[in-house]
Structure formats: C-alpha cells, structure tokens
Amino acid sequence: KFYKATLCLAYQSFGVVYGDLSSSPLYVYKSTFSGRLRLHEEDDEILGVLSLVFWTLTLIPLCKYIIFVLGADDNGEGGTFALYSLLCRRAKLGLLSASDASDDDISTYNSGLPRKETVASSILKEFFDKYHSSRIVLLLLVLLGTSMVIGDGILTPSMSVLSAVNGIRIKVPSLHENYTVFIAAVILVGLFALQHFGTRSVGYLFAPILLAWLFCISIIGVYNTIYWNPHVVSALSPYYVYNFFKKAGKDGWSSLGGIVLCITGAEAMFADLGHFSQLSIRIAFTVIVYPCLVLAYMGEAAYLSKHKEDLQKSFYKAIPEVVFWPVFIIATLATMVGSQAIISGTFSVISQCRALKCFPRVKVVHTSNHIHGQIYIPEVNWILMVLCLAVLVGYRDTDMIGNAYGLAVITVMLVTTCLMFLVIVMVWKRNILGALAFVIVFGSVELLYFSACLAKVHKGGWFPLVLSLILLSTMCIWHYGTLKKQAYELNNRVCLDMLLSMGTNLGINRVPGIGLIYSNVATGVPPMFAHFVTNFPAFHRILVFVTVQSLTVPKVPANQRFVIRRIGPPEFCLFQCVVRYGYKDQRNDTHDFENHLIETVAEFLRNGNNDGEAFRWETTNQQQSSPSDDVTSRFENVVSSESSKKTVRFRGVGCSKELEDLREARESGLAYMMGSTCVLACDTSSYLKKFAINIVYGFLRQNCRHPAIALGVPHTSLIEVGMVYRV
C-alpha cells in the first residue's frame, strides 16, 4: 500500500509540480543565443551551452533540491516560509511569534529528536540574540524570496504561453507579432478566468498532459541526436564548459542569463512538498523528468549543430514535420499547466504571508474538500492577470521577459541557499564545514548566474526588482503597522480588578446571552472593551475574550486549537480563549467555530477548572467520574442553532448551575464585539513613520478585507467599537 500510494502521488505531481520546469526547452536556447553569443555560433559554443544546461540541471534541481533541500521540510510543508518556520521554532530566530510564549505545548512544535548544540550553532544563536537587527534582516530576506515567488507568478504565464504560441510563426511566417500577442493574451485571460473552479476540477487532465509532453520532447530528442549528430553526447563532459568560457569569454558569461531558465520551476519541488511526499517527488524527477529534459536539450543541440541559422527558433524547427502540429498543441497545453502550477503556488505563498500578518487581509477560498492546499484568492488572481497582460503587451518579446524571469528565479534560489545554511547549522546541528560546503558549491553557481542576470537589468531585468521592492515595502509596512497596533493594545490593556471596581461605580448591567470579545490581547482586558464599558455600562451574562493567534507551524491539531482559562471569580462568568491556527490551517465557518468554542467552554466547566489554570481541549478525552463524587446527577442538553443543523451537547458531572447558565445564554443569542480602530502615528513621530502608518498602512487597512469578514463573523451579530490608536 505504501509503494502504491507513493507511485500515485508521483503520478499526480507531474500535473502540479513539474509544468514550469518541463516547459523550459521552449525558450532556453533562444534566450541563450539572443545576446552577444550570436557572434559565437560554432559547434564548441553550442556544445558548451548543452554542457552548461546538463550540469546546471544536475547540480541545482537534482543535487541541491532532491537530495538536500527536500529534507528540510516543516512537518511535511515546504517553501521559503517553511524554512523560516523551522528557524523560528527550533532556533528561536523569528520575529513573527515572539509573543507566543505559551505555544510550546503544540505537538508539531516538538516533533523530531533534539540534537546536541554544536559550537557553531551556539555562536550563531548568541549572535542573533545579541544583534536584534540580524533577525530583522533574516525576515527581510524571507520576504524578498516571497516577493520574487510572486514575481514568478506574473512572469511564468507570460513567458511560457508566448513561447508556445510563437510556434505558429514557424508555419505562418507572415503572421504579424500583434496576432501572436493577442492569442497569448486570450489564453491568459481564459487561464485566470478558470481559477475559481480550482485545480481539482481539471487536475486529472494535468498529469497526462505533462507526461505526453515529456514523452514527446524525449522521443524527438533521441531522434534528433541519432539523426543529426550523435557526437553531442560527449558534451556531457564538464570539459566543454571550460572550453565554452575559454572561447566565448565575457559573452559566454552574459549568456548565463538565458541558461538559468533551464531550472525555472525547480523551487516548486520544495514549495509544493505539502501536497505530496519527499519520496514521490524524488521518484518523479529522478526517473522521468530529469532524463526526459536531458534528452530534449541534447536533441535540440544536435539539430542546431547542423542548422546554425535556426538558433532563434530552434525548438520548433527541430520538430519533425510529421508531428509538428500535435506537438504544438501539447506544448500550448503544457505551458498552461505550468502556469497553473505557479499561480496556485503564488496563492499558497500569499495565504501563508497573510496568516503570519505579513500581507493585507484577502479572501481565501478553498476549492477542494480533500486537499487543503488548493485555494483561490480572487483579489490576487485578477491583479496577477492584469500584471501578466501588462508584461505580455509591454515586452512583447520572450527575450526581454526571459531576462526578468531569470533574475526572479535565481534570487529565490539564493534565498533558499542562505536559509539552508542556518537550518543545517542551527536546526540539524550539523558540522559547520558541511554547511559551508553546501553554500560554496551551490551558492557559487547561483551567484554566477545571479551576476549575469543582474547585468541585464536594463534589458528587462528591472521589472522583478521594482515589483519585489513594491511587494517587500507593502509587506514590511503592513507587518510593522500590525505590530505597532498590537503593542498599543498590550501596553494599554486594562487590569481586571480595575474593571471590576469600575463596575460598582458605573452600575454595569448584565444582559442575557454570550458575548465574544475579539482582540489581540491574550491576557487582561483589551482597551477597546474598557472604552465600550465606560461609555455603555452593560455587557452579556457570559463573556469570552477571544484571541486568534497565527503560529509559525503549518497546522495546529484540532484537539490543541483552543486554550481556555477563567478570568476572575466564577460568579463573574468571564473567560479567556486563545484560538490557535497554523499558517496552512483552514479557518472554520462561523457555526462550526461557535459550536466548538461553546463546547470547549462546557468541557472546561465540566472538568471543574475554577482555579484560573489554562485548559486545553482534548477531543478524544472522556471525563471519568470519580467514585467519591458527591454529585451523581448527569444531564445532557442539546442547543440547536436556528441557522445551523449542527448541535452543541453539554454533559456535566457537577457544575450544573454554570452549565445551565451557559445553555440559557446560548439560547438567548450570541454577539461578537470587535474594535473598529484608526491607527495613527504620534505627532512627535518622524515623517517617514507618519507616511508609513498614516498613509500606506491606513490605505491598506481601508482597502483590504474587514477583520469581521476575514474571521467569518455574521454582520447581524456584530458590535463594532470605534477607537483611535496613537502609536
């Protein structure tokens, strides 16, 4: 069963993971020979490019990702944020969960055997503890990688679809460039319009299309190699790399910006790890994808060695006449599949950023009941479409898009290499020499490609830099503003004794029902609620202060999601509830959340936790009555919500009065209270801070989704309290 399941996952991975990587042969040779390398159209240069492509595919996707990086998963999840999550928890390097001191009880936090500290890990940990700015730099590095992934989501569809559609001009040379751009634009609009159906609806078509594509390019590669030039096999020797740079010199270095496109999509193997398993991805790449790509590049090089005049349209020219149109159709479908994979990956990355308060609130729609990672974000989808069309119409040329694309891809890989160094030393506790060897081998190759891509900034490479700067600034300002807002609430929270003493002076009335007070304050009373009580001295019979925490773990087990504690004496009926979600967790709908929360409070009361000690709800535990219990009466009340068919059951041994009060309050109704805050910088703040908080952060807060909508709070039951925060 294990092997069957693994092979099934490997088959499915073709349609999700490898679309981008597999469509690279469409444009690698064209982009490589688009610059000054045109002056060196000799056999040595063609074979040198083939050798570079082979060794790049071998070193980066095969050795770096398949062997090393896939092992750095975060409870099965991959990607830049997964590496950062590991460093946050295991090495305590994060800023995102600095205030979550009570979350060490979550089982996923403690998975894996602890290793003994090494000298290198201790020195690095001491460095990060001593210099707080180093943690900020680390977070900025992670957000830079995330920004470049989003840039990939814009450039990949434009590059892939336009490269495929350009094949028409091989058979119809008179066709104007405007028509191919228009056809590519229509395909892109259709691709983004289909996103709301989710990848599951067409997922069964994806894997066969990619397999058919890989089969076609490998067979054509073998045919071209045998028919045109079998001697290209010798180019697999690294000698041809040396010979290439010896003859091409600086022009050869400049061409690396095109060769790097052969590994576009390699990061997806790690980013989409949560959908599959390490073994399935390793089998699919090593057995099928890697050999097919090598054969495809080899066959194209064999054809070019005899047809140097076709360097600018080599892929389609190398296809035998008999199978041209079938391969063209499969190529177009394959680029759509590759685009779909990177678009879905962009949705996933933005969802993780949003959960960790590094991105404005957006609507996340889960398109599959079985696979959590299949999500759709409407706002992001349409913005991506507009930007893709802008890139397509603005550049109109795959060479210019390729320059931008290569820079975005290699930057993400460099960020992964840097984070892997910290993971090897501080999480895996390995010898620092091994970590340095990892960085030197893979980092030096990536830096070489990065320098070549950076040299093409003026030829289109500026786009991902500008885009990442805008995204990075947006995420940093949003995170900074959110931290300032939370700091204000923590510094201005009200002591419970003060609130209770105010109650006698204000003549506070208790009305029937349950009130859920949402805030970021995990202990004490939020300033928003104190502001409300002083102006309107009445609140519900049972109050629950709810704090939603997003943690740097992929998922929080359902039986560890709620943490309940009592505030004050039992007669006040005040509770504190911390609701914890991982960055990959799906938020329950409102009725589920209400029922689970009230069920947890009932379980808390049934267990008799009256001493203020925190209670963590275990769904599988059944409270056993002790033989010495004086109270033998048991009861079960079922409260049905009119708007939901689901029920909440109360089972009690003792504490019957409080459980009865809870039941009656639930029947009376449930209301939500949230702060409608206006965050402004202090008058004494610098102009930069005023610009960031008052203008940028204020604009983002006004135009992103309302917190009540993001949390699924029903509008009819919502009370909003206005308040100005001076941060």
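Residue numbers start at 1 and run along the sequence shown. Remember, predicted model here, so these are calculated numbers, not experimental data.
In this structure, K485 and Y697 have side chains that are in contact, with non-hydrogen atoms separated by less than 4.5 Å. In this structure, Q549 and Y581 have side chains that are not in contact, with every pair of non-hydrogen atoms separated by 4.5 Å or more.
A salt bridge is defined here as a Lys NZ or Arg NE, NH1 or NH2 lying under 4.0 Å from an Asp or Glu carboxylate O, and R663 with E660 meets this definition. A salt bridge does not link D129 to K92: none of the charged side-chain nitrogens sits closer than 4.0 Å to a carboxylate oxygen. Checked for salt-bridge contact, K690 and D683 miss the test: no charged N lies under 4.0 Å from a carboxylate O. Between R493 and E489, no side-chain nitrogen of the basic residue sits less than 4.0 Å from a carboxylate oxygen of the acidic one, so the salt-bridge criterion is not met.
Aromatic ring pairs are classed by plane angle as parallel below 30°, tilted from 30° to 60° and perpendicular above 60°; the pair Y84 and F81 is perpendicular.
Shortest non-hydrogen contact noted between L472 and L140 is CD1-O, 3.9 Å.
No hydrogens or angles considered: a donor-acceptor pair under 3.5 Å links the side chains of T677 and R701. Checking E594 against Y672 by side-chain atom types alone, a donor-acceptor pair falls below 3.5 Å.
Proximity of the aromatic rings of F529 and F539 is defined here by a centroid distance below 6.0 angstrom, and this criterion is met.
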So R561 and T600, side-chain hydrogen bond (donor to acceptor under 3.5 Å, both in side chains) or not? Walk me through it.
CA-CA 10 Å; R561 189 171 310 287; T600 309; over 6 Å; no

